[in-house]
Amino acid sequence: MVIEQVRTLEFISSKDTIIHNLEGRVKLVAILLIILFTVFSDRLIVPVVLEVFLLIIMYLAKLSFKYSFKRVVLLLPFGGFIIALQPFIHSGNIIWQGPYSWLFITDTGLNWTVLLFARLIVCLTAIVILSSTSPMQEVVQSFRKLGMPRDLAMILAIMVRFLFIFVEELRDIHQSMASRNFDPFNSNISYKWRLKQVGYSIAMMFLKAYEKGENIYLSMASRCFSDNSNLYHAKTIIGKPEYIYLAFIIAIILLLELIVLFYSNDLAYFGISLSL
C-alpha cells in the first residue's frame with residue numbers, strides 16, 4: 001500500500017551509512033551531474049559505466065537491489081512508452097518490415113531507442129538512490145541552500161509535511177472501510193455502488209484536507225507566520241568525505257569524456273554515436 005511505501009522510504013532514507021551521512025547538497029549536486037552528463041552524451045559507454053557506478057553507490061548505501069529496481073520498474077512507464085515508439089518513427093535502413101507498409105523498424109530508430117533507454121535507466125536509478133539516501137526534508141533544504149527561490153522552497157517544504165498528514169488521513173479512512181468489511185475490489189458487489197462509496201471517500205479526503213489546512217494556517221498565524229518568514233535550516237558542514245565523493249564523480253566524468261574522445265573507435269558499438 002501507498003501508506004507502507006511512504007513509511008518504508010522514509011525509514012530507508014534515515015539509515016546510518018557512508019552515503020546517507022553525506023551532506024545533502026553534495027548528494028544532490030552529484031546526482032544532478034550524473035544525470036546531466038548522461039543526458040548530453042551520445043555514446044552508450046557513458047550510461048553503462050555510470051549505471052555500474054550507481055550500483056556500487058547502492059551497495060555502499062546498503063540499499064536493497066530488489067526493492068530499488070522494483071521502484072525503477074514502477075517509474076519506467078512514464079518515459080518508456082515514448083521510447084518504445086522510437087524504432088518505428090525514424091528514417092534509416094529498414095531492418096524489419098511488418099505486414100503493413102507503414103510498420104517497420106530502422107537501424108537509426110533502434111540505436112536511438114537503445115540510447116534513450118540507457119539514459120532513462122541511469123536517471124531513474126540516480127533518482128531512486130537520492131530519495132533512498134536523503135529524507136524529503138533534507139532534499140528541500142538542499143535545494144534552498146543551493147539557491148532555490150524562498151517562496152518555492154517554502155511551498156515544497158509545506159507540501160512534504162502535508163504528504164505525511166495526507167497519508168495518515170488515508171490510513172484512517174482505509175481502516176474505517178476495512179472495519180466495516182468494505183472492499184472496493186470485491187466483484188460480488190455492484191460496481192456502481194462501489195464507485196459511489198469510493199467517491200464518498202474521496203470527497204471526505206478533500207473535506208479533511210481543507211479542515212486540516214485551516215487548522216494549520218491558524219496555528220501558523222498564531223505564531224506570527226507571514227510571507228516574510230524564513231524556514232529554519234540546520235547548519236551542516238561539507239567535510240572531507242563530501243569533497244572526496246564529489247571529486248571521484250567528477251574524475252569519472254572526465255575519464256569517460258577522454259575515453260570517448262580518444263578511444264571511441266576501440267569500443268565498437270559502445271563508442272559509436274547513437275544520436276539522430
Side-chain angles (χ1 to χ4, degrees), residues 17-61 63 65 68-69 71-72 75-76 78-80 82-84 86-87 90-93 106-134 139 142-143 145-148 238-276:
T17 68
I18 187 174
I19 303 299
H20 285 78
N21 294 335
L22 292 174
E23 211 274 338
R25 287 171 292 177
V26 173
K27 289 185 284 187
L28 183 59
V29 170
I31 293 301
L32 290 178
L33 283 176
I34 291 175
I35 292 176
L36 289 175
F37 185 65
T38 301
V39 169
F40 285 105
S41 177
D42 59 355
R43 312 301 170 103
L44 192 58
I45 184 65
V46 172
V48 170
V49 172
L50 290 179
E51 180 66 17
V52 173
F53 173 73
L54 290 175
L55 292 178
I56 296 174
I57 296 299
M58 196 179 295
Y59 173 78
L60 294 176
L63 301 177
F65 288 96
S68 299
F69 279 104
R71 293 176 59 198
V72 171
L75 294 172
L76 271 179
F78 291 97
I82 298 177
I83 294 176
Q86 300 303 312
H90 294 291
S91 59
N93 299 320
T106 63
D107 56 350
T108 303
L110 188 60
N111 289 336
W112 182 240
T113 301
V114 171
L115 181 62
L116 286 181
F117 184 75
R119 288 175 175 176
L120 181 62
I121 291 295
V122 172
C123 293
L124 292 181
T125 306
I127 293 173
V128 167
I129 290 177
L130 178 64
S131 62
S132 300
T133 57
S134 303
V139 175
S142 299
F143 271 115
K145 292 176 182 178
L146 290 173
M148 176 183 281
I238 299 178
K240 185 177 179 180
E242 284 79 10
Y243 286 115
I244 294 175
Y245 179 70
L246 202 56
F248 192 71
I249 292 177
I250 294 174
I252 291 178
I253 292 175
L254 294 177
L255 181 60
L256 283 173
E257 189 65 26
L258 292 175
I259 291 175
V260 168
L261 288 175
F262 298 106
Y263 301 99
S264 58
N265 295 330
D266 301 328
L267 299 173
Y269 185 73
F270 291 92
I272 299 175
S273 176
L274 301 181
S275 62
L276 298 177

message = One pair to check against side chain to side chain donor-acceptor pair (under 3.5 Å): R119 and S41. What are the steps and the verdict?
response = CA-CA 9 Å; R119 288 175 175 176; S41 177; over 6 Å; no
task = Answer yes or no: does atom CD1 of I82 have more than 12 heavy-atom neighbours from other residues, nucleotides or ligands under 6.0 Å?
result = no
ask   = Can you tell me how far CZ of F37 sits from CD1 of I252, rounded to the nearest 0.5 angstrom?
value = 10.5 Å
query = So with a 6.0 Å cut-off around CG of D266, is the heavy-atom count from everything else above 12?
reply = yes
Heavy-atom closest pair, residues T125 and M58 = CG2-CE, 3.8 Å
task = Would you indicate whether the side-chain heavy atoms of F143 and R25 approach each other to under 4.5 Å?
result = no
request  = Give the minimum heavy-atom separation between A30 and Y245, together with the two atoms involved.
outcome  = CB-CE2, 3.6 Å
request  = With side-chain contact (heavy atoms from CB on, under 4.5 Å) as the test, would you mind laying out the steps for V122 and I35 before giving the verdict?
outcome  = CA-CA 7 Å; V122 172; I35 292 176; over 6 Å; no
request  = Please report the C-alpha distance between L33 and L246 in whole Å, then the side-chain angles of each, then the deciding distance to 0.1 Å, and finally whether the side-chain contact (heavy atoms from CB on, under 4.5 Å) criterion is met.
outcome  = CA-CA 10 Å; L33 283 176; L246 202 56; 4.3 Å; yes
Residue pair H20, S132: steps toward the side-chain contact (heavy atoms from CB on, under 4.5 Å) verdict = CA-CA 8 Å; H20 285 78; S132 300; 5.7 Å; no
key: Closest non-hydrogen atom pair, I19 against K27   = O-CD, 3.4 Å
4.5 Å side-chain heavy-atom contact, C123 and V39 = yes
ask   = Does the T106 side chain pair with the main chain of H90, one donor and one acceptor, at a distance under 3.5 Å?
value = yes
ask   = Do the side chains of L76 and L120 get nearer than 4.5 Å, heavy atoms only?
value = yes
ask   = Heavy-atom distance under 4.5 Å between the side chains of L50 and L256, does that happen here?
value = yes
inquiry  = Once rounded to the nearest 0.5 Å, what's the spacing between atom CD1 of I249 and atom CD1 of I244?
reply    = 12.5 Å
request  = Answer yes or no: is there a donor N or O on one side and an acceptor on the other, between the side chain of Q86 and the main chain of T113, under 3.5 Å?
outcome  = no
ask   = If we only count heavy atoms from C-beta on, is the E257 to R43 side-chain gap below 4.5 Å?
value = no
request  = Kindly indicate whether the side chain of I57, heavy atoms from C-beta on, has any atom under 4.5 Å from the side chain of T133.
outcome  = no
ask   = Does CZ belonging to F117 count more than 12 external heavy atoms closer than 6.0 Å?
value = no
query = Got a second to check how far S142's OG is from E23's CD, nearest 0.5 Å?
reply = 6.0 Å
inquiry  = Using the rule given for side-chain contact (heavy atoms from CB on, under 4.5 Å), can you reason through V260 versus D42, listing the C-alpha separation, both sets of side-chain angles and the distance that settles it, and then say yes or no?
reply    = CA-CA 10 Å; V260 168; D42 59 355; 5.6 Å; no
inquiry  = Distance check, rounded to the nearest 0.5 Å: I129 atom CD1 versus S134 atom OG?
reply    = 11.0 Å
inquiry  = Would the distance check show the side chain of D107 and the main-chain N or O of N93 forming a donor-acceptor pair, the cut-off being under 3.5 Å?
reply    = yes
message = How close do L115 and S275 get, counting heavy atoms only, and between which atoms?
response = CD2-N, 4.2 Å
message = I'd like to know whether CZ of F40 has more than 12 heavy-atom contacts from other residues, nucleotides or ligands below 6.0 angstrom.
response = no
ask   = Would you find more than 12 non-hydrogen atoms of other residues, nucleotides or ligands less than 6.0 Å from Y263 atom OH?
value = no
inquiry  = Ignoring hydrogens, what is the shortest heavy-atom contact between L63 and S68? Give both atom names and the distance.
reply    = CB-OG, 4.0 Å
message = Between F69 and L55, is there a side-chain heavy-atom distance shorter than 4.5 Å?
response = yes
query = Rounded to the nearest 0.5 Å, what separation is found between the CG atom of L54 and the CD1 atom of I121?
reply = 11.5 Å
note = One should read off an interatomic distance between F53 CZ and F248 CZ, to the nearest 0.5 angstrom, of 6.0 Å
message = For I18, I'd like to know if atom CD1 has over 12 heavy atoms of other residues, nucleotides or ligands within 6.0 Å.
response = no
ask   = Would you say the side chain of W112 lies within less than 4.5 Å of the side chain of I83, judging by non-hydrogen atoms?
value = no
inquiry  = Looking at every non-hydrogen atom in both residues, tell me the closest pair between L44 and A118 and how far apart they are.
reply    = CD1-CB, 3.7 Å
